[in-house]
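Source: prediction; values computed, not measured. In listed order, ligands and their atoms are each counted from 1. Counting from 1, the numbers follow the sequence of the chain as shown.
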Amino acid sequence: MASSYTSHYSVMLPECLEFAALACESSDKEHFKLADMTFGGGGHSVAFAKEFENVEVFSVDQDPDAFQNGLERIKLEKLEEKLKLVKMNFSEFPDWVQSEKPDLKFHGILLDLGVSSHHFDKFERGFSFREDAPLDMRMAYDQDIATAADVLNQYNEEEIADIIFQYGEERYSRRIAKAIVEERQKNKISTTKQLENICFHAYPSNLRHKKIHPATKTFQALRIFVNEELDVLENTLEKLFGLLDKNGVLMVISFHSLEDRITKHKFKEIFQCSKNTVKILTKKPVYPSEREVAENSRSRSAKLRVIQKLD
Ligand SMILES: C[S@@+](CC[C@H](N)C(=O)[O-])C[C@H]1O[C@@H](n2cnc3c(N)ncnc32)[C@H](O)[C@@H]1O
């Protein structure tokens with residue numbers, strides 16, 4: 001495995017395996033097809049490939065590091081026959097299936113949203129302010145898209161404030177945007193520590209040392225904006241649902257309320273248009289067990305929602 005890819009704890013893995021098993025067991029087919037839209041470190045994909053005997057898993061990830069590491073892991077685990085990995089944004093997956101394998105239908109499709117531990121631990125990717133690094137934050141860093149630094153240097157104050165408010169739910173978004181624009185008149189915004197420092201000093205002094213660091217929500221907002229995470233989710237969920245086989249399940253693990261809200265509403269829309277051919281299997285979201293949260297604190301904010309296509 002690529003030694004530089006940091007390992008990732010796969011959130012709610014037993015629960016995902018259970019829902020996938022439910023779909024496979026109630027299928028009239030003997031060969032199962034599963035898809036993982038967010039391969040990351042490959043924990044879910046590899047478990048799918050190992051758990052089911054007659055399965056073919058199709059996985060994607062837009063991150064070049066996850067892709068490269070994934071190819072090596074698949075080879076190392078001798079899973080080449082069962083597990084295929086393609087580098088792409090999952091928004092492209094429905095069209096890819098349509099053009100490459102038009103008859104392909106899935107018993108289970110998983111989205112384990114957001115970033116992986118690798119993104120936070122590889123400081124040079126610019127997702128974390130634990131160390132100083134270029135303010136990048138692109139998952140698909142091989143694509144010609146704007147970095148977080150580009151956004152902060154080029155957008156106007158109001159646009160920056162709106163991004164921080166909308167995607168970070170940061171109540172001091174206007175103060176932070178003002179401080180960013182003041183700073184960039186002196187020095188170009190270019191590093192994670194520079195942004196951390198701006199956020200810290202833009203916060204009221206009595207709130208600078210609370211549990212949540214003053215830069216946390218701004219970093220989340222920029223990451224979501226740079227990678228268009230919410231638009232991609234909103235525009236792709238229904239198309240992915242359309243790729244399910246009879247009894248197939250679409251599983252979505254989200255990590256913040258913005259993602260969960262979109263998932264919940266999309267599932268409701270699909271259900272309402274379905275004329276009894278759809279079942280929402282999670283009336284309330286499924287949360288990780290206490291044991292999982294104790295083992296992996298990042299999972300504490302995870303929620304799993306699952307919808308099933310009955311016909
Ligand atoms: C939370 S991690 C997935 C971890 C994985 N389930 C595991 O067990 O290792 C999310 C992964 O999805 C990828 N990703 C996020 N949004 C994506 C998108 N729109 N298209 C493709 N990959 C995406 C990220 O690059 C990251 O590697």
Evaluate M139 against F127 for side-chain contact (heavy atoms from CB on, under 4.5 Å), listing each step before the verdict.
CA-CA 9 Å; M139 292 185 203; F127 289 93; 4.2 Å; yes
Heavy atoms of other groups near E158 CD, more than 12 under 6.0 Å
no
Looking at R174 and D162, is there a salt bridge between them, counting it only when a charged N and a carboxylate O are closer than 4.0 Å?
yes
Short N-O contact, K75 and E72, less than 4.0 angstrom
no
I want to know if ligand 1 touches [X] in the polar sense, i.e. an N/O pair below 3.5 angstrom.
X    : value
D61  : yes
D63  : no
H44  : yes
M139 : no
D36  : no
Q62  : yes
F90  : yes
H8   : no

Centres of the F225 and Y155 rings: under 6.0 Å?
yes
Could you check, using the six-membered ring where one of them is a Trp, whether H107 and F52 have ring centers closer than 6.0 angstrom?
no
At a non-hydrogen distance cut-off of under 4.0 Å, which region of [X] contacts ligand 1 (side chain, backbone, both, or neither)?
X    : result
L113 : backbone
H118 : neither
M37  : backbone
V232 : side chain
L110 : neither

Applying side-chain hydrogen bond (donor to acceptor under 3.5 Å, both in side chains) between D245 and each of K309, K105, K29, report the one that passes.
K29
Check each of D136, T147, D65 against Y141 using the side-chain hydrogen bond (donor to acceptor under 3.5 Å, both in side chains) test, and report the only one that passes.
D65
In this structure, does ligand 1 have an atom that sits under 4.0 Å from one of the heavy atoms of V60?
no
Does G114 come within less than 4.0 Å of ligand 1, judged by its heavy atoms?
yes
What is the nearest protein non-hydrogen atom to [atom], stated with its residue, atom name and distance?
atom                    : result
atom 3 (C) of ligand 1  : T38 O, 3.2 Å
atom 19 (N) of ligand 1 : N89 OD1, 3.0 Å
atom 5 (C) of ligand 1  : F39 O, 3.3 Å
atom 8 (O) of ligand 1  : S10 OG, 2.5 Å

Transitively linked via ILVMFWY side-chain contacts under 4.5 Å: V232 with I270?
yes
Short question: side chain of S299, backbone of A302 - any donor-acceptor pair under 3.5 Å?
no
For R138, does its backbone N or O pair with a side-chain atom of R125 as donor and acceptor, under 3.5 Å?
yes
Can you name the one residue among V278, N276, N247 that meets side chain to side chain contact (heavy atoms under 4.5 Å, CB included) with L310?
N247
Check whether any side-chain heavy atom of T38 lies under 4.5 Å from a side-chain heavy atom of F90, and answer yes or no.
yes
Element-labelled atoms of ligand 1 that are located less than 4.0 Å from some non-hydrogen atom of [X]:
X   : answer
G42 : 7 (C), 9 (O)
M88 : 20 (N), 21 (C)
G43 : 7 (C), 8 (O), 9 (O)
G41 : 7 (C), 9 (O)

Should the ring pair F106 and F58 be called parallel, tilted or perpendicular, given that the plane angle runs from 0 to 90° and is split at 30 and 60?
perpendicular
